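Reviewing the structure listed below.
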Amino acid sequence: MSVSLVRIDDRMIHGLITTRWAKEVPCDGIIAVNDKAHDNPILKEAYKSAAEGQGKKCFVWTMDHFNKVKDKVLASNTRYFLITKNPLDMKTILVDWGFVPSDVKEVIVGPGNDRPGAIKLGDNQSFTKEEGVAFEAIAEKGYKVHFALLPDKQIGYWDKYKSKFGF
């Protein structure tokens, strides 16, 4: 198995990822995929520091780079968390590119900031209509979309919320 957890988290890599989630799901490293984070040396270093402080390998890649190396990720013996900052990027990876993350059939959705036009699903979990379209596409591809800030702090699955987005 090379991908052990798939997550959408607008903070991407932080203490709760490297401590709580890594205790629940086997993890040797974290792959964060986001163009802006990749291009921001301060943010990139903060992400690497958070992961490496817990003994985890950490990569911050652009979408283009991930697309080029995705088969190597699958062939690796290293167990990675795959994290994107937003549902649109994850939809591109899972639906448009057809990336199949090993045996993982659930996409864990963490924090989503309150923004104008966003629909609030729970504490620190707000998403736009456009992001709702991405969740629906991911679900139609056969993944369970699970809204969970932490393993023990979850508010349910996409089916519970999709009507708020017009599905």
Side-chain angles (χ1 to χ4, degrees), residues 1-115 118 122-128 130-131 134-135 138 143-154:
M1 175 192 282
S2 60
V3 175
S4 58
L5 182 126
V6 175
R7 183 167 171 92
I8 300 164
D9 187 325
D10 71 0
R11 296 183 300 162
M12 292 186 47
I13 302 172
H14 48 87
L16 295 176
I17 294 293
T18 60
T19 56
R20 291 293 303 280
W21 284 102
K23 286 180 182 170
E24 301 285 327
V25 180
C27 170
D28 304 310
I30 298 170
I31 298 170
V33 184
N34 181 265
D35 293 347
K36 288 181 182 174
H38 173 271
D39 295 339
N40 181 328
I42 295 169
L43 201 53
K44 195 172 175 179
E45 189 55 40
Y47 290 153
K48 287 188 172 198
S49 179
E52 291 167 0
Q54 295 295 319
K56 311 290 181 201
K57 295 178 185 178
C58 181
F59 302 96
V60 181
W61 290 339
T62 62
M63 291 286 288
D64 185 56
H65 183 76
F66 180 79
N67 195 25
K68 288 176 183 168
V69 301
K70 63 184 186 282
D71 293 334
K72 288 181 185 175
V73 170
L74 287 179
S76 171
N77 290 326
T78 303
R79 296 166 300 182
Y80 291 110
F81 285 3
L82 172 63
I83 302 174
T84 63
K85 189 171 179 65
N86 63 68
L88 305 174
D89 287 350
M90 190 61 77
K91 182 245 178 206
T92 297
I93 291 169
L94 298 178
V95 179
D96 302 340
W97 296 344
F99 179 75
V100 178
S102 307
D103 297 330
V104 177
K105 295 294 177 208
E106 186 169 270
V107 176
I108 308 290
V109 183
N113 284 331
D114 291 335
R115 295 156 279 165
D123 288 342
N124 202 19
Q125 289 194 299
S126 298
F127 301 96
T128 64
E130 186 181 22
E131 290 169 330
F135 289 138
I138 291 167
Y143 296 92
K144 288 186 174 186
V145 177
H146 187 194
F147 296 92
L149 296 176
L150 295 169
D152 58 353
K153 189 174 181 192
Q154 58 91 28

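As the structure is a prediction and not an experimental result, all values here were calculated from the model. Computed from heavy atoms alone, side chains included, the values below leave out hydrogens, waters and symmetry copies.
A 4.5 Å side-chain heavy-atom check between V107 and H146 finds every atom pair outside the cut-off. When side chains are defined from C-beta on, R7 does not count as touching V109, because their heavy atoms never get closer than 4.5 Å. With contacts defined as side-chain heavy-atom distances shorter than 4.5 Å, the pair V6/I108 does not qualify. Contact annotation: the side chain of T92 approaches that of M63 to within less than 4.5 Å [non-hydrogen atoms, C-beta and beyond]. Inter-residue side-chain proximity for Y80 and I30 is flagged as unmet; no heavy-atom pair is nearer than 4.5 Å.
E24 contributes no side-chain N or O that, together with a main-chain N or O of W21, makes up a donor-acceptor pair within less than 3.5 Å. A distance-only check finds no donor-acceptor pair linking the side chain of S4 to the backbone of V25 [under 3.5 Å]. In this structure a side-chain-to-backbone donor-acceptor pair under 3.5 Å is missing from K72 to V69. Looking at K44, its side chain never comes within 3.5 Å of a backbone N or O of D39 through a donor-acceptor pair. A donor-acceptor pair under 3.5 Å is formed between the side chain of Q125 and the backbone N or O of G110. R115 places a side-chain N or O within donor-acceptor distance of the main-chain N or O of N113, the cut-off being under 3.5 Å.
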Verdict with supporting geometry, F59 and Y47, side chain to side chain contact (heavy atoms under 4.5 Å, CB included): CA-CA 9 Å; F59 302 96; Y47 290 153; over 6 Å; no
Chi angles and distances behind the ring pair (Phe, Tyr, Trp, His ring centres under 6.0 Å) call for W97, F99: CA-CA 6 Å; W97 296 344; F99 179 75; 8.9 Å; no
Side chain to side chain contact (heavy atoms under 4.5 Å, CB included) assessment of I31 paired with F81: CA-CA 6 Å; I31 298 170; F81 285 3; over 6 Å; no
Intermediate values then yes/no, side chain to side chain contact (heavy atoms under 4.5 Å, CB included), K144 and K105: CA-CA 6 Å; K144 288 186 174 186; K105 295 294 177 208; over 6 Å; no
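Aromatic rings from F135 and F147 are positioned such that their centres are separated by under 6.0 Å.
Distance check, rounded to the nearest 0.5 Å: CD of E45 to NZ of K48 gives 7.0 Å. Rounding to the nearest 0.5 Å places NZ of K36 at 14.5 Å from OG1 of T62. Here CG of N34 is found 6.5 Å from NZ of K85. Values are rounded to the nearest 0.5 Å.
In summary, R79 and D28 engage in a salt bridge, as defined by a charged side-chain N under 4.0 Å from a carboxylate O.
Side-chain atoms of S2 and S76 include no donor-acceptor pair closer than 3.5 Å. Between the side chains of S126 and D114, at least one donor N or O sits under 3.5 Å from an acceptor N or O.
When every heavy atom of T78 is checked against every heavy atom of G29, the shortest pair comes out as CG2-N, 4.4 Å. In terms of heavy-atom proximity, V60 sits nearest to H38 at O-CD2, 3.1 Å. Minimum heavy-atom separation, I138 to P87: CD1-O, 4.1 Å. Among all heavy-atom pairs drawn from N86 and L88, the shortest one is OD1-N, 3.0 Å.
With sequence neighbours excluded, no residue forms a side chain to side chain donor-acceptor pair (under 3.5 Å) with D35.
Listed by first then second residue, pairs satisfying salt bridge (Lys or Arg N to Asp or Glu O under 4.0 Å) with a partner in residues 86-99 read K91-D96, not counting sequence neighbours.
Across V73, I93, L94, L5, a single residue satisfies side-chain contact (heavy atoms from CB on, under 4.5 Å) together with P101, and that is L94.
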